[in-house]
Amino acid sequence: MKNKKLLSLTIATAVAVSGVSVSQITKGRELEPVKTVTYQFANQTAGSAAGTITVTPEKAGTYQLYWGDAEGNKLKAGKVEFTELGDITTTKANQTTTYKFISPYTVIPEGAEKVLVTDKDNEVVDDYEIPESKRFNEGTSTYSFALMSDVHFNRFADFSADDAVPSFDNALKFVNAQGIDTLFLTGDLSNQGEIDSYNKFNKATGKYSNLTVYTCMGNHDVSWTKNAKKEVKLFAKNINKKRSTDKNVLDIGYEGVDIVYKKGDDIHIFFSQTKSTYGKGKDLYAKEQLNWLEKTLNKYADKKVYLYMHTYLAAEGGNITKAVGNLETPLGYSYNLTYIYGNNDEKRLRKLLKKYSNVTQFSGHSHWAYEQQIYNPYLNIGNISSNGSGASLVHLASVSQPRTAVLDKKQFDEGKKRYENNGVKSEGTIAVRYPKSTVYYSTDFVSGKYIANACYLNYDGKTSTPEKDIKTGTTQIKKVGKVKKMKKSSKKNPKYQVTIKFSKVKPVSKYQIQYSTDKKFKKSKRKSKTTKKTSYTITNLKPGKKYYIRVRAYNYQFGYQIFGKCKKVRTVKTPKKK
């Protein structure tokens, strides 16, 4: 190493690794009299970088921190370099400075054995050997997959000079170069659900025959200027077209846009936003979608599950500025299009994400660049529960327009709240799966590097045993009373009623009484009523008709009605009209 005398380095820790002595660290090196550099780890977890580095160099100036390998070279993952962790600057008046890791999830990457300190000439002036107990030790990775969001073809520039085209192409080249064969996205491929965007997407991904691609829908794909149902069908027709023939697709839900895909032993669920209007009382999912999701999450409660959605949820208590996926800039700007706190779908989603800690939920939507974690340390990764007991949450920056905050007050006051950075920045994530954890390498596709201070280690949440499908007991009609003319019935248009009694079933939500003049209970000819009691009076029966009556109990599971059977259909005849 060069210029070692410019900086002296001593590392101490605040935990079990604090037993490393100065003599051990400096053994065999020609160092100047020790100043101080301390790395105070926040925990004892292997692979966790959380903590603070304090530096007092021999000379004032600006230095950079990098991860290094065993030989003291800047760390690479395969052929991909890591960016610097950050700068540290000292002055003659204040020669001590600190570097604090922003996110508590930041990882000491696999292969990192040293912290390197470089000078303004990018020369390594000293290094620190990471204690073995703190090095990454999650075992051998099982597979990798790429993550992207908010491609937004046709949103910026005109159709012939679409900024998203080169950005997405370049990102795909990076993924392919790493030998990664799966790409998963969280929606917003388009500007307004236009077919041209989907054609561009398919053309770009179609260049890589070995690449499996799945995505959910985002709010732009639904489009708020067109018919949502038609947009859902258009998306299903043109995107994820291999879902019907892919042997790894385990289930296809709502209108073909909700998909369950298996990779390795893990489950990947693509859950599409099918409504685009944000507001109080306006749900972003159909009820049947939420029923399907709840049933699916239960089915795979004993697996590692990755859930792909588009819009993020507010932090506990409804604070959107502290959500994973959002922030508040120094001038007070926040992206406000979140799931509306307290809406029916939001409450149900939050409940599910609190219940199933085996789930990692991905979202995009806000576009915030990974570097913007300086305004919210949980911008890029966190948990649905403040105590960390629920689903993990991961935010994905836009692959074609990662947003950054406007800090100039004059521009801000004139209405410019953020920089879109289309055609300038491009970000995504490479996920590496280990037996008990996942590492997320936030990626700068422009430089082709991993963003060192935005790479994270996340452990699998607790799995559980799936609930068994419930069964509702059989109901028997015990008594059919006499047919009686209704008191308020007229002679000209007589109406009749009959009271039935039936057996009690436990457990039960309600009983459904169905009656029809058709013995097969055709939908057009039957009527249904419900009651919690074990008797019911059927009214408004027409004269001269034979009615078929059945009763069945039902209960609820995962939002679905689970019906029992009716032991026997009974019949009654009403008097003919005189």
Side-chain angles (χ1 to χ4, degrees), residues 229 253-255 281 283 285-299 344-345 347-348 351-352 466-578:
K229 290 184 178 180
Y254 184 80
E255 297 291 349
D283 292 352
Y285 287 106
K287 185 178 179 180
E288 52 264 49
Q289 284 185 277
L290 292 166
N291 292 346
W292 178 86
L293 178 63
E294 186 171 353
K295 186 175 183 179
T296 303
L297 291 181
N298 173 74
K299 183 176 181 178
N344 289 332
D345 64 334
K347 288 191 293 185
R348 192 169 175 187
K351 185 177 179 180
L352 290 174
E467 296 176 24
K468 294 182 179 179
D469 289 344
I470 65 171
K471 292 183 179 180
T472 305
T474 299
T475 307
Q476 180 178 0
I477 300 175
K478 298 167 72 174
K479 183 180 180 180
V480 178
K482 291 182 179 181
V483 176
K484 298 179 180 179
K485 187 177 180 182
M486 296 178 67
K487 290 182 178 180
K488 294 184 179 181
S489 177
S490 66
K491 290 183 179 181
K492 187 176 181 180
N493 294 303
K495 300 288 183 181
Y496 296 91
Q497 65 182 41
V498 64
T499 299
I500 59 172
K501 294 183 179 181
F502 38 89
S503 58
K504 190 173 185 178
V505 176
K506 286 186 178 181
V508 68
S509 177
K510 283 186 178 182
Y511 299 91
Q512 182 191 63
I513 299 94
Q514 290 187 324
Y515 55 100
S516 175
T517 55
D518 178 77
K519 65 179 180 180
K520 291 185 178 181
F521 290 85
K522 288 182 180 178
K523 188 174 182 180
S524 60
K525 293 186 177 183
R526 74 168 185 251
K527 291 187 177 181
S528 297
K529 304 292 181 180
T530 60
T531 182
K532 289 186 177 182
K533 298 179 180 180
T534 54
S535 65
Y536 188 81
T537 300
I538 302 172
T539 60
N540 294 311
L541 300 178
K542 295 179 180 180
K545 299 287 185 180
K546 182 179 181 180
Y547 284 92
Y548 298 86
I549 304 171
R550 66 184 180 188
V551 180
R552 53 183 183 169
Y554 66 87
N555 219 328
Y556 284 97
Q557 187 179 33
F558 316 126
Y560 292 96
Q561 286 179 303
I562 310 299
F563 288 97
K565 295 181 180 179
C566 179
K567 190 170 185 180
K568 186 178 180 181
V569 175
R570 302 293 292 269
T571 60
V572 295
K573 289 184 178 179
T574 55
K576 292 182 178 180
K577 187 176 179 181
K578 294 180 181 180

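Values below: every heavy atom of this structure, side chains too, minus hydrogens, waters and symmetry copies. The chain is numbered in sequence order, starting from 1.
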**OP:** Go through Ile562 and Tyr554 one step at a time and tell me if the side-chain contact (heavy atoms from CB on, under 4.5 Å) criterion holds.
**Re:** CA-CA 5 Å; Ile562 310 299; Tyr554 66 87; over 6 Å; no

Subject >> Check against side-chain contact (heavy atoms from CB on, under 4.5 Å), Ser503 and Thr475 >> reply: CA-CA 6 Å; Ser503 58; Thr475 307; 4.0 Å; yes

Subject >> Intermediate values then yes/no, side-chain contact (heavy atoms from CB on, under 4.5 Å), Asn493 and Lys577 >> reply: CA-CA 8 Å; Asn493 294 303; Lys577 187 176 179 181; 4.1 Å; yes

**OP:** Give the intermediate values and the outcome of side-chain contact (heavy atoms from CB on, under 4.5 Å) for residues Gln476 and Phe502.
**Re:** CA-CA 6 Å; Gln476 180 178 0; Phe502 38 89; over 6 Å; no

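The local environment of NZ in Lys495 is crowded, with over 12 non-hydrogen atoms from other residues, nucleotides or ligands closer than 6.0 Å. Counting non-hydrogen atoms of other residues, nucleotides and ligands closer than 6.0 Å to NZ of Lys485 gives a total above 12.
Minimum interatomic distance between Tyr548 and Asp518 (heavy atoms only, all atoms of both residues): CD1-C, 3.8 Å. Of all the heavy atoms in Ile477 and Ile549, the pair that sits closest is CD1-O, 3.7 Å. In terms of heavy-atom proximity, Arg550 sits nearest to Val569 at CB-CG2, 4.2 Å. Here the shortest heavy-atom pairing between Lys525 and Ser516 reads O-OG, 3.0 Å. Taking all atoms of both residues into account, the shortest heavy-atom contact from Pro494 to Ser489 is CA-OG, 2.8 Å. Contact record, Gly564 with Arg552: O-CB, 3.5 Å, taken as the closest heavy-atom pair.
Taking the ring centroids of Tyr511 and Tyr536, they lie at or beyond the 6.0 Å cut-off.
How far NZ of Lys568 is from OG1 of Thr474: 15.0 Å, rounded to the nearest 0.5 Å. The line from NZ of Lys522 to NZ of Lys520 is 7.0 Å long, rounded to the nearest 0.5 Å. Between atom NZ of residue Lys527 and atom OG1 of residue Thr539 there is a gap of 8.5 Å, rounded to the nearest 0.5 Å. Expressed to the nearest 0.5 Å, how far NZ of Lys504 lies from NZ of Lys478 amounts to 11.0 Å. In this structure, the separation between NZ on Lys576 and NZ on Lys573 is 9.0 Å, given to the nearest 0.5 Å. Atom OG1 of Thr517 sits about 12.5 Å away from atom NZ of Lys519, to the nearest 0.5 Å.
A salt bridge links Glu294 with Arg348: the distance from a Lys NZ or Arg NE/NH1/NH2 to an Asp or Glu carboxylate oxygen falls below 4.0 Å.
Residues Ser528 and Gln514 are in side-chain contact: their nearest non-hydrogen atoms beyond the backbone lie under 4.5 Å apart. Counting heavy atoms from C-beta outward, Tyr515 and Leu541 have side chains that approach closer than 4.5 Å. Residues Glu467 and Gln557 have side chains in contact (heavy-atom distance under 4.5 Å, counting atoms from C-beta outward). Residues Lys529 and Ile538 are not in side-chain contact: their nearest non-hydrogen atoms beyond the backbone lie 4.5 Å or more apart.
Proximity of a side-chain donor or acceptor of Thr571 to a complementary backbone N or O of Tyr547 within less than 3.5 Å is not detected. At distances below 3.5 Å, not a single donor-acceptor pair connects side-chain atoms of Asn555 with backbone N or O atoms of Thr472.
For the pair Arg526 and Phe521, the NZ or CZ position fails the cation-pi test of under 6.0 Å to the six-membered ring centre and within 45 degrees of the ring normal.
Screening residues 481-501 for ring pair (Phe, Tyr, Trp, His ring centres under 6.0 Å) gives no qualifying pairs among residues at least two apart or on separate chains.
A donor-acceptor contact under 3.5 angstrom links the side chains of Thr537 and Thr499, judged on distance only.
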